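Count residues from 1 along the sequence. The structure presented is a predicted model; accordingly, all values stated were derived computationally and were not measured.
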Amino acid sequence: MKFLKSILLVAAALTPLGAQPTIDISSHVVTAGSLANEIGIFAQADPTMILAKAPAPGAVRKVTQFQLQRWVTSLGVTSGAKDLPVSLVLRRTLRRLSESEVHTAIIASIAKAHHLDADLIAVDLIEPIAAQVPAGDISIECLCARLTLNEPTALRVRWREPGGRSGIERIRGVVTVYGEWLEAAVDLPTRTTIGPSDVVTRSGQLPNLKEYLSQKQLDGRWTLMRSVSQGEPLTSNFVRSIPLVSRGDLIELRFDSGGVRLRTAGRAEESGSTGALIAFRNIATGQRITARITNDQTAHVEAFRANR
């Protein structure tokens with residue numbers, strides 16, 4: 001008896017679904033156009049008109065005749081309203097993530113996060129992609145803040161659809177990044193001011209995603225915050241910049257705009273390196289002026305917003 005009761009309950013649950021029209025929704029919203037093929041009255045309306053939020057990815061939602069009538073009324077359509085089905089089922093469709101879009105998303109995310117050239121990043125997926133994502137428009141990105149290079153690792157890929165729903169898929173792969181980095185040519189003690197002879201340039205596969213120093217940055221204005229062994233890569237967290245201009249230094253302030261060229265002496269009220277915007281005191285007028293350091297002798301005044 002209990003077995004028969006269970007069969008009847010299952011049948012009762014399945015019968016309405018089988019007897020109702022089922023419409024696949026491939027967008028994050030239900031539009032008049034998505035219902036038009038199954039229910040002709042919706043073909044009379046603008047197909048882009050949004051009626052409701054779509055079911056969750058892979059889920060189904062039953063829509064009653066009463067709700068269908070409300071949608072018809074909201075569209076301003078009256079002809080054929082009596083022919084609406086008793087109910088229908090909306091089914092949110094899924095699709096498989098493609099290998100090409102996963103490659104593109106991972107490379108773009110790494111390039112943006114670490115200021116790298118996308119052409120220098122390679123991704124090799126080591127297992128088939130089984131992840132299912134919502135059909136329709138989605139954006140994809142890699143959550144690669146702590147990414148291990150040159151060995152199999154879990155790549156966390158997040159998809160997001162316009163409606164706000166999102167999900168994270170884990171895909172195994174190997175990421176390789178090519179570039180240049182600097183290694184210590186000799187053992188360097190703490191507080192060493194780094195010069196070109198202290199380092200050697202290496203190129204190939206980067207050992208990890210850190211901010212490496214480049215030859216362009218080595219102008220004798222960096223000092224080590226800790227000792228570095230010979231052959232050890234130099235990264236930005238090992239060093240600090242020595243100010244090009246120190247508080248109290250007297251340098252020339254320049255202003256050039258169109259045909260106007262002004263020069264005056266200014267005393268630095270802050271310390272800074274090349275490109276830094278710091279405050280100076282105009283020696284002639286006593287005014288406080290903000291200028292950008294160009295070298296250890298000059299700074300460029302970008303606008304006259306002087307104050308006392």
Side-chain angles (χ1 to χ4, degrees), residues 109-118 120 145-146 177 179-203 206 208-230 232-308:
S109 297
I110 295 174
K112 181 179 180 181
H114 299 280
H115 310 289
L116 296 169
D117 185 342
L120 300 178
R146 299 180 179 179
V177 180
E180 290 188 349
W181 66 95
L182 299 180
E183 291 181 357
V186 295
D187 291 343
L188 299 173
T190 305
R191 292 187 294 278
T192 297
T193 299
I194 306 170
S197 62
D198 297 320
V199 298
V200 59
T201 302
R202 302 294 187 197
S203 62
L206 295 182
N208 46 53
L209 284 174
K210 293 184 178 179
E211 188 176 341
Y212 297 99
L213 295 180
S214 67
Q215 285 285 4
K216 292 181 180 179
Q217 295 172 302
L218 288 184
D219 56 0
R221 307 301 301 181
W222 295 89
T223 184
L224 282 172
M225 299 176 65
R226 73 166 181 82
S227 61
V228 178
S229 301
Q230 181 179 2
E232 187 175 356
L234 296 179
T235 59
S236 60
N237 62 316
F238 289 1
V239 300
R240 65 178 177 85
S241 175
I242 302 173
L244 191 64
V245 174
S246 298
R247 178 184 174 90
D249 286 353
L250 191 64
I251 69 174
E252 184 179 65
L253 302 180
R254 298 181 176 182
F255 177 78
D256 298 298
S257 180
V260 178
R261 301 183 64 191
L262 302 175
R263 303 289 185 268
T264 188
R267 191 175 301 280
E269 296 198 331
E270 302 173 86
S271 298
S273 299
T274 303
L277 198 64
I278 67 171
F280 293 87
R281 184 69 63 177
N282 187 323
I283 297 299
T285 65
Q287 289 182 315
R288 195 169 187 263
I289 298 174
T290 300
R292 192 175 300 278
I293 299 171
T294 52
N295 55 51
D296 60 352
Q297 299 294 321
T298 62
H300 182 258
V301 180
E302 298 182 349
F304 277 119
R305 287 193 294 269
N307 55 69
R308 296 286 179 177

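Take Ala111 and apply the side-chain contact (heavy atoms from CB on, under 4.5 Å) test, not counting sequence neighbours, and it matches Ala118, Ile121. Checked against side-chain contact (heavy atoms from CB on, under 4.5 Å), Asp117 has the following partners two or more places apart in sequence or in another chain: Asp119, Leu120. For Ala279, the side-chain contact (heavy atoms from CB on, under 4.5 Å) partners two or more places apart in sequence, or in a different chain, are Glu269, Glu270, Arg288. Residues that satisfy the side-chain hydrogen bond (donor to acceptor under 3.5 Å, both in side chains) test with Asn208, not counting sequence neighbours, are Tyr212. Applying the side-chain hydrogen bond (donor to acceptor under 3.5 Å, both in side chains) criterion to Thr235, with sequence neighbours excluded, gives Asn237. In this structure, Thr223 has no side-chain hydrogen bond (donor to acceptor under 3.5 Å, both in side chains) partners at least two apart in sequence or on a different chain. For Ser109, the side-chain contact (heavy atoms from CB on, under 4.5 Å) criterion is met by Glu141, Cys142, not counting sequence neighbours. Taking Arg267 as the reference, nothing meets the side-chain hydrogen bond (donor to acceptor under 3.5 Å, both in side chains) condition, with sequence neighbours excluded.
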* Step by step, would you call Val228 with Thr192 a side chain to side chain contact (heavy atoms under 4.5 Å, CB included)? -> CA-CA 10 Å; Val228 178; Thr192 297; over 6 Å; no
* List the steps and the verdict of side chain to side chain contact (heavy atoms under 4.5 Å, CB included) for Val177 and Leu209. => CA-CA 8 Å; Val177 180; Leu209 284 174; 4.0 Å; yes
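Leu250 contributes atom CG, which lies 10.0 Å from atom CD of Gln297 (distance to the nearest 0.5 angstrom). For the atom pair Asn282 CG and Thr264 OG1, the distance stands at 4.0 Å (nearest 0.5 Å). With rounding to the nearest 0.5 Å, the separation of CD1 in Ile194 from CG in Leu224 is 4.0 Å.
With hydrogens and angles ignored, the 3.5 Å screen pairs no side-chain donor or acceptor of Arg261 with any backbone N or O of Asp256. No donor-acceptor pair under 3.5 Å is formed between the side chain of Arg292 and the backbone N or O of Ala276.
The shortest side-chain heavy-atom distance between Ile278 and Ile293 falls under the 4.5 Å cut-off. Looking at Thr298 and Ile251, their side chains never come closer than 4.5 Å, going by heavy atoms from C-beta outward.
When every heavy atom of Asn295 is checked against every heavy atom of Val245, the shortest pair comes out as O-CG2, 4.1 Å. What you find for Ser197 and Ala185 is that their closest heavy atoms are O-CB, 3.9 Å. Minimum interatomic distance between Ala291 and Leu253 (heavy atoms only, all atoms of both residues): CB-CD2, 4.2 Å. Between Pro233 and Phe238 the shortest heavy-atom distance is O-CE2, 3.3 Å. Of all the heavy atoms in Leu244 and Asp296, the pair that sits closest is CD2-N, 3.7 Å.
Screening residues 179-193 for salt bridge (charged side-chain N to carboxylate O under 4.0 Å, His left out), with sequence neighbours left out, gives Glu183-Arg202. The side chain to side chain donor-acceptor pair (under 3.5 Å) contacts involving residues 243-252 comprise Glu252-Arg254, where partners must be two or more places apart or lie in separate chains.
The environment of Arg263 atom CZ is dense: over 12 non-hydrogen atoms of other residues, nucleotides or ligands sit within 6.0 angstrom.
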